[in-house]
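This report concerns only the one structure given below.
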There are 2 protein chains.
Amino acid sequence: MRNGKIKAPAPVIRRLSNYHHLLLGLRQRQVQSVSSTTLAEILEYKPIQVRKDLQLAGLVGRPRTGFRIDEMEEAISRFMGWSLDCQAVLFGVGNLGSALLNYPWREEYGLRFIAAFESEEERSNILINNIPVHHISHFPTFAEEHPIDIGVIAVPAEGAQAVAEIMVENGIRGIWNFSHTHLKITGNATIENALFTQSLAVLTRRLVESRTQNSGTSI
Amino acid sequence: MRNGKIKAPAPVIRRLSNYHHLLLGLRQRQVQSVSSTTLAEILEYKPIQVRKDLQLAGLVGRPRTGFRIDEMEEAISRFMGWSLDCQAVLFGVGNLGSALLNYPWREEYGLRFIAAFESEEERSNILINNIPVHHISHFPTFAEEHPIDIGVIAVPAEGAQAVAEIMVENGIRGIWNFSHTHLKITGNATIENALFTQSLAVLTRRLVESRTQNSGTSI
DNA sequence: TAGATTGTTAATCGATTAACAATC
DNA sequence: TAGATTGTTAATCGATTAACAATC
């Protein structure tokens with residue numbers, strides 16, 4: 001295991017993805033370089049933290065000018081695995097699934113949906129954003145014929161565990177779970193849960209905290 | 001500021017929301033109590049961590065039996081502010097917005113969407129899951145007439161900053177942002193970003209890390 | 001050059017984990 | 001009672017921050 005392949009802390013990964021997204025805007029404005037001070041100001045981090053983060057992605061800055069935008073883009077993409085073309089499938093073409101299929105992941109993250117799968121016949125055999133939606137029964141055959149890096153779960157909670165299992169059985173190693181379930185996986189797949197509810201919890205708790213600082217009466 | 005109103009670390013908040021969701025399933029199976037050991041096993045945490053988390057929410061367990069399900073439900077809900085009825089509005093009724101409006105937030109999180117707002121006329125003046133969708137121009141009047149705790153942003157990135165601003169101008173103190181933008185807010189609003197891309201970054205990075213542990217050749 | 005910014009090394013902070021007496 | 005589990009107190013671990021010489 002060499003440089004850049006160590007297990008990076010999740011908070012650093014999240015911040016790096018923020019820097020990366022900022023770069024798009026900066027580049028449009030023809031900016032060549034940006035300092036850790038400036039990045040920190042925009043994102044409300046500390047400059048030293050920005051430098052430490054970028055260092056982990058293998059970046060080297062220049063005294064006085066900071067970091068080159070194109071180098072940052074390149075280094076973060078490489079660090080995240082976004083430089084390699086990554087093929088994904090999605091299960092569950094409801095509103096959320098459709099939203100995900102319509103998002104331009106490829107441009108910024110190198111993620112390409114090559115197919116989607118649905119349990120309901122009425123929603124199968126259509127195209128969403130030019131991505132074919134098949135009936136779920138066609139999945140094993142499809143998986144044999146195409147290399148799939150990531151499987152996205154956008155089905156209701158009840159179906160999620162079953163979907164995760166057929167994904168793993170058919171060789172998918174990365175699962176991005178948008179359903180509200182704790183998945184139990186046997187084998188060496190990586191699961192990432194995009195739990196809206198965790199995010200909501202942080203928001204409502206912060207509101208509780210701020211409320212009680214003003215109105216003195218508490219429990 | 002008293003017990004339970006201190007600023008809780010975000011990781012603890014996220015785990016607490018996980019415990020809370022687990023309880024629903026346990027209660028259906030008529031379980032009365034659960035130990036930190038069992039919770040830890042299910043969620044792949046450490047028992048001591050579970051106890052520390054629950055302690056922060058003000059819970060007291062019993063030696064030998066663990067924590068009562070109903071007490072946990074109650075304590076976590078109170079801690080998160082989910083016991084109070086919380087009124088929300090949503091901006092942007094695309095696929096993602098519709099998905100959010102259709103989710104039963106109220107049952108588990110006490111969150112109730114009282115209206116949604118749209119900039120496109122064609123998608124206004126309809127009902128989604130019984131929630132009225134108004135044209136965005138009606139928002140200021142609406143906000144004067146109804147108390148709103150949380151504003152959800154589900155519009156495309158370009159429009160997000162403007163939406164955040166009219167929310168804050170009209171008295172909303174909590175913003176749940178699903179758009180891919182870094183919002184700049186003046187004043188004392190709380191913003192929580194539900195950034196899918198951060199989650200994707202963690203997943204793809206973990207895949208990069210696991211890949212290179214097998215195949216020895218690296219950069 | 002002067003001055004802003006970097007990378008390095010050390011210090012601090014906070015969160016997680018360990019150990020164990022107390023409890024039912 | 002015996003034994004599982006709690007809550008407390010202390011130790012460890014890791015991430016963030018500070019200080020500052022090196023650099024362009």
Side-chain angles (χ1 to χ4, degrees), chain A residues 3-4 6-19 22-23 26 31-72 75-76 79 198 201-202 205-206 209, chain B residues 1 3-4 6-19 22 26 31-72 75-76 79 198 201-202 205-206 209:
Chain A
N3 176 28
I6 34 92
K7 177 159 183 183
V12 178
I13 298 175
R14 293 200 199 94
R15 287 194 299 267
L16 280 169
S17 85
N18 287 356
Y19 306 140
L22 263 188
L23 300 183
L26 292 173
V31 184
Q32 301 280 324
S33 294
V34 66
S35 70
S36 61
T37 324
T38 308
L39 282 174
E41 208 167 303
I42 299 172
L43 292 169
E44 291 159 272
Y45 302 153
K46 297 269 163 72
I48 179 65
Q49 190 173 46
V50 174
R51 269 177 279 151
K52 275 275 151 83
D53 290 344
L54 296 177
Q55 196 165 42
L56 193 75
L59 279 157
V60 177
R62 299 167 197 209
R64 219 170 134 76
T65 52
F67 297 82
R68 281 192 60 93
I69 303 287
D70 51 2
E71 282 178 20
M72 286 180 68
I76 298 177
F79 184 82
Q198 289 189 353
V202 174
R205 173 62 197 178
R206 294 286 172 250
E209 286 162 0
Chain B
M1 229 169 21
N3 175 29
I6 34 93
K7 177 158 183 181
V12 178
I13 298 176
R14 293 198 198 96
R15 288 194 298 267
L16 280 169
S17 85
N18 287 356
Y19 306 141
L22 262 188
L26 292 172
V31 183
Q32 301 281 324
S33 295
V34 66
S35 70
S36 62
T37 325
T38 308
L39 282 174
E41 208 168 300
I42 298 170
L43 291 169
E44 292 160 273
Y45 301 153
K46 297 269 162 71
I48 179 66
Q49 190 172 45
V50 174
R51 268 177 279 150
K52 277 278 153 83
D53 290 344
L54 296 178
Q55 198 164 42
L56 194 75
L59 279 157
V60 177
R62 298 165 199 213
R64 221 172 131 76
T65 52
F67 297 81
R68 281 191 59 92
I69 304 288
D70 50 3
E71 283 177 19
M72 285 178 69
I76 297 176
F79 184 82
Q198 288 189 352
V202 174
R205 174 61 196 178
R206 295 287 172 249
E209 286 162 0

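Numbered from 1 within each chain, the chains take letters A, B, ... in sequence-line order.
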Practice task
Determine yes or no for a side-chain-to-main-chain donor-acceptor pair under 3.5 angstrom, with B:Glu209 supplying the side chain and A:Ala8 the backbone.
Solution key: yes
Handout entry: B:Arg205 side chain to A:Phe79 backbone, donor-acceptor under 3.5 Å
Key =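 Side chain of B:Arg205 to backbone of A:Phe79, a donor-acceptor pair under 3.5 Å: yes, one is there.
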Is there a side-chain polar atom (N or O) of [X] under 4.0 Å from OP1 or OP2 of [N]?
X: A:Gln49; N: D:dA15; result: no
X: B:Arg15; N: C:dT16; result: yes
X: B:Arg51; N: D:dT6; result: yes
X: A:Ser36; N: C:dT6; result: yes
X: A:Gln55; N: C:dT8; result: yes

Exercise for the section: State whether the distance check finds a donor on one side and an acceptor on the other, under 3.5 Å, for side chain A:Lys52 versus base C:dT6. Expected result: no
Among [options], which nucleotide has an atom closest to any side-chain atom of [X]?
X: B:Arg64; options: D:dA4, D:dG7, D:dT17; answer: D:dA4
X: A:Lys46; options: D:dT8, D:dT17, D:dC24; answer: D:dT17
X: B:Ile48; options: C:dA18, D:dT6, D:dA15; answer: C:dA18

Length of the line joining [X]:[atom1] and [N]:[atom2], which is rounded to integer Å:
X: B:Leu54; N: D:dT6; atom1: CG; atom2: P; result: 9 Å
X: B:Lys7; N: C:dC13; atom1: NZ; atom2: P; result: 17 Å
X: B:Asp53; N: D:dT6; atom1: CG; atom2: C1'; result: 15 Å
X: B:Leu56; N: C:dG14; atom1: CG; atom2: P; result: 15 Å
X: A:Ile13; N: D:dG14; atom1: CD1; atom2: P; result: 16 Å
X: B:Leu59; N: D:dG7; atom1: CG; atom2: C1'; result: 13 Å
X: B:Arg68; N: C:dC24; atom1: CZ; atom2: C1'; result: 15 Å

Practice task
Look through every strand shown and name the nucleotide pairing with D:dA18 as Watson-Crick or G-U wobble, where both distances are under 3.5 Å.
Solution key: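 D:dA18 is paired with C:dT9.
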Problem - Pair assignment for D:dC24, Watson-Crick or G-U wobble, requiring both distances under 3.5 Å - result: C:dG3
Exercise for the section: Indicate, with a heavy-atom threshold strictly under 4.0 Å, whether A:Arg62 touches base, sugar-phosphate, or nothing. Expected result: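 Sugar-phosphate, backbone atoms only, no base.
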Practice task
For B:Pro47 and for A:Pro63, locate the closest nucleotide of DNA chain D by heavy-atom distance; then report the residue assigned to the nucleotide nearer the 5' terminus.
Solution key: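 Checking each residue's closest nucleotide, the 5'-ward one belongs to B:Pro47.
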Handout entry: Closest approach of A:Leu16 to A:Leu54 (non-hydrogen atoms, all atoms of both residues)
Key = CD2-CD2, 4.1 Å
Problem - Minimum heavy-atom distance between A:Ser36 and A:Pro47, given as atom pair plus value - result: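 Where A:Ser36 meets A:Pro47 most closely, the heavy atoms are CB-O, 3.6 Å.
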Exercise for the section: Using a 4.5 Å cut-off on heavy atoms from C-beta on, say whether the side chain of B:Leu56 contacts that of B:Pro9. Expected result: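 Counting from C-beta outward, B:Pro9 and B:Leu56 do come under 4.5 Å.
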